[in-house]
J.: 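One structure is given below, represented as structure tokens, and several questions about it will come after.
In this chain, numbering begins with 1 at the start of the sequence shown.
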Amino acid sequence: MSTAREQSDPRATLRGGLPDRYLTPDDIANIFEVPKETVYQWRRKRTGPPGFRIGKYVRYDPADVRAYITQRKTAARSAA
């Protein structure tokens with residue numbers, strides 16, 4: 001059974017399975033523990049997890065975020 005903290009923690013959601021919603025830039029900033037401006041810079045530079053627009057809002061598919069993390073981990077291991 002999950003605690004209230006895990007339910008509000010996007011990282012716990014990603015560890016536990018796909019959430020039933022798309023992630024926001026705030027969620028991404030919390031997951032990676034970076035400022036929200038960094039998330040927007042990643043998007044502009046196309047270096048972070050891929051996002052998409054729904055109207056004026058940016059959202060991230062949890063599966064894409066998980067794939068991005070896996071890709072980064074693999075690249076880091078092969079570089080070491």
J.: In the structure I gave you, are the side-chain heavy atoms of D64 and P49 within less than 4.5 Å of one another anywhere?
T.: no
J.: Under 6.0 Å between ring centres, would you say that holds for Y22 and F52?
T.: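 Centroid separation for Y22 and F52: below 6.0 Å.
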J.: Please name the residue in the list I31, T38, N30 that meets the side chain to side chain contact (heavy atoms under 4.5 Å, CB included) test with V34.
T.: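 Of all the options given, the one that passes is T38.
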J.: Just by modelled atom types, is the T47 backbone N or O under 3.5 Å from a matching donor or acceptor in the Y68 side chain?
T.: yes
J.: Out of curiosity, Q41 CD to R46 CZ, how far, rounded to the nearest 0.5 Å?
T.: 15.5 Å
J.: To the nearest 0.5 Å, how far apart are CG in D61 and CZ in R66?
T.: 9.5 Å
J.: Are D27 and R21 ion-paired here, with the side-chain N under 4.0 Å from a carboxylate O?
T.: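 A salt bridge is present here (some side-chain N lies under 4.0 Å from a carboxylate O).
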J.: If we ignore hydrogens and angles and just use 3.5 Å, is the side chain of R59 paired with the main-chain N or O of R53 as donor and acceptor?
T.: no
J.: Report the C-alpha separation of F32 and I69 in whole Å, then their side-chain angles, then the decisive distance to 0.1 Å, and conclude whether the side chain to side chain contact (heavy atoms under 4.5 Å, CB included) test is met.
T.: CA-CA 10 Å; F32 292 105; I69 293 168; 3.8 Å; yes
J.: When you compare the side chain of Y60 with that of P50, does any pair of heavy atoms fall below 4.5 Å?
T.: no
J.: Quick one: closest heavy-atom pair of P25 and V39, and the distance?
T.: O-CG2, 4.0 Å
J.: In Å, rounded to the nearest 0.5 Å, how long is the span from CH2 of W42 to CD1 of I28?
T.: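 Separation between the atoms: 8.5 Å.
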